[in-house]
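A quick write-up on the structure given underneath.
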Amino acid sequence: MTRAVRILGTGSLLELSRRLRAAGGENIRQSMNRRIRRAAEPLRDDLQSTIRGLEIRSPGRSTGKRGGPSPTTRALRSTIADAIRISVRMGGNPGATVWVDKGRLPADLKRMPEVINSGPPPGRIRHPVFGNKRRWSNQYVTPFWWDNTVRRHIPRMEQETARILDDVRRRIE
């Protein structure tokens, strides 16, 4: 399943958020929010470019099978890429979250990011042919596009978040 990614240093971030609130440093909080968002933006951008460039393979048509144009004009991968969002919170559960906003996906594509990422089985997209529920087709992708991309960004995000927290801690002390 495609999971939201959260940049957290829960204990230190929560403690720092409380101290900021007590100190009344509104511009420091805004600066911290902006910097944490910037730390998550490369991940969001990489996730968007990864899904846009993801190759979807099909076994092809058998001889004698009919084909035709797609009944929809929307592009699957671009639609999913446009739904990837960042949220930064400084309240009770502080941190940054990168997630697929299912509210921005059409109703028939709400589960598609999960299906593309992890199946079942991983890497297989099974769907009706042009909406015909009596004929089904399989297409194949490289599985775990979300998980692998996130894994590559975790060390950088942790370092960036630690640097931000140290800077803010120095400014309020």
Side-chain angles (χ1 to χ4, degrees), residues 1-10 13 33-89 93-164:
M1 175 177 162
T2 305
R3 293 167 218 71
V5 181
R6 303 185 66 209
I7 301 172
L8 295 174
T10 25
L13 199 54
N33 275 354
R34 186 173 47 254
R35 290 179 65 191
I36 289 176
R37 177 176 292 279
R38 283 192 191 140
E41 284 173 352
L43 171 61
R44 182 206 51 206
D45 296 343
D46 198 14
L47 284 167
Q48 287 175 333
S49 66
T50 300
I51 189 67
R52 280 191 174 107
L54 195 65
E55 181 187 0
I56 299 178
R57 299 172 305 283
S58 176
R61 294 190 187 122
S62 306
T63 23
K65 301 286 181 170
R66 294 185 302 265
S70 173
T72 176
T73 57
R74 69 176 181 258
L76 170 68
R77 292 168 287 195
S78 291
T79 303
I80 294 171
D82 292 341
I84 297 174
R85 296 274 176 255
I86 299 175
S87 173
V88 177
R89 293 181 44 168
N93 193 8
T97 306
V98 179
W99 86 103
V100 176
D101 185 357
K102 292 184 179 183
R104 296 188 53 98
L105 293 174
D108 59 334
L109 296 181
K110 296 232 186 269
R111 285 199 58 241
M112 192 54 69
E114 299 164 18
V115 170
I116 291 175
N117 188 54
S118 58
R124 183 179 85 166
I125 304 170
R126 184 169 164 77
H127 61 90
V129 177
F130 298 117
N132 180 354
K133 303 266 184 188
R134 292 186 311 223
R135 288 185 59 118
W136 288 75
S137 175
N138 291 316
Q139 290 182 302
Y140 301 92
V141 297
T142 305
F144 310 116
W145 65 275
W146 180 275
D147 300 338
N148 293 338
T149 305
V150 168
R151 203 171 295 122
R152 284 195 313 266
H153 283 268
I154 285 175
R156 181 197 54 78
M157 289 188 313
E158 287 174 344
Q159 289 174 349
E160 185 72 21
T161 304
R163 185 170 50 245
I164 293 167

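Quick caveat: nothing in here was measured; it's all calculated off a predicted structure.
At distances below 3.5 Å, not a single donor-acceptor pair connects side-chain atoms of Gln139 with backbone N or O atoms of Ile125. In this structure, the side chain of Asn117 engages the main chain of Trp146 through a donor-acceptor pair within 3.5 Å. Side-chain atoms of Lys133 do not come within 3.5 Å of backbone N or O of Pro128 as any donor-acceptor pair. For the pair Ser49 (side chain) and Asp46 (backbone), a donor-acceptor distance under 3.5 Å is present.
In this structure, Arg152 CZ and Leu47 CG are separated by 8.5 Å, a value rounded to the nearest 0.5 Å. Ser137 OG to His127 NE2: the interatomic distance, rounded to the nearest 0.5 Å, is 4.0 Å. Rounding to the nearest 0.5 Å places OG1 of Thr142 at 5.5 Å from CG of Leu54.
Of all the heavy atoms in Leu43 and Met157, the pair that sits closest is CD2-SD, 3.7 Å. When every heavy atom of Arg156 is checked against every heavy atom of Pro42, the shortest pair comes out as NH2-CB, 3.7 Å. In plain terms, the two heavy atoms of Ile84 and Arg44 that are nearest each other are CG2-CG, 3.6 Å. When all heavy atoms are compared, the tightest approach of Gly123 to Pro143 is N-CB, 3.5 Å. Taking every heavy atom of both residues into account, Arg151 and Asn148 meet most closely at NH1-OD1, 2.9 Å. Nearest heavy atoms, Pro113 versus Trp145: O-NE1, 3.9 Å.
Contact of the Val88 side chain with the Arg35 side chain is not registered, since no non-hydrogen atoms from C-beta on lie closer than 4.5 Å. Residues Ile56 and Arg77 form a side-chain contact, since some pair of their non-hydrogen atoms from C-beta on lies under 4.5 Å apart. Using a 4.5 Å cut-off on side-chain heavy atoms (C-beta onward), Val98 and His153 make no contact. The closest side-chain heavy-atom distance from Ile116 to Ile80 is below 4.5 Å. For the pair Thr79 and Met112, the minimum side-chain heavy-atom distance is 4.5 Å or more.
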**Study point:** Working for side-chain contact (heavy atoms from CB on, under 4.5 Å), residues Arg38 and Ile86
**Key:** CA-CA 10 Å; Arg38 283 192 191 140; Ile86 299 175; over 6 Å; no

Review point. Which is it for Glu160 and Arg163 under the salt bridge (Lys or Arg N to Asp or Glu O under 4.0 Å) test, yes or no, and what are the steps along the way?
Key: CA-CA 5 Å; Glu160 185 72 21; Arg163 185 170 50 245; 2.2 Å; yes

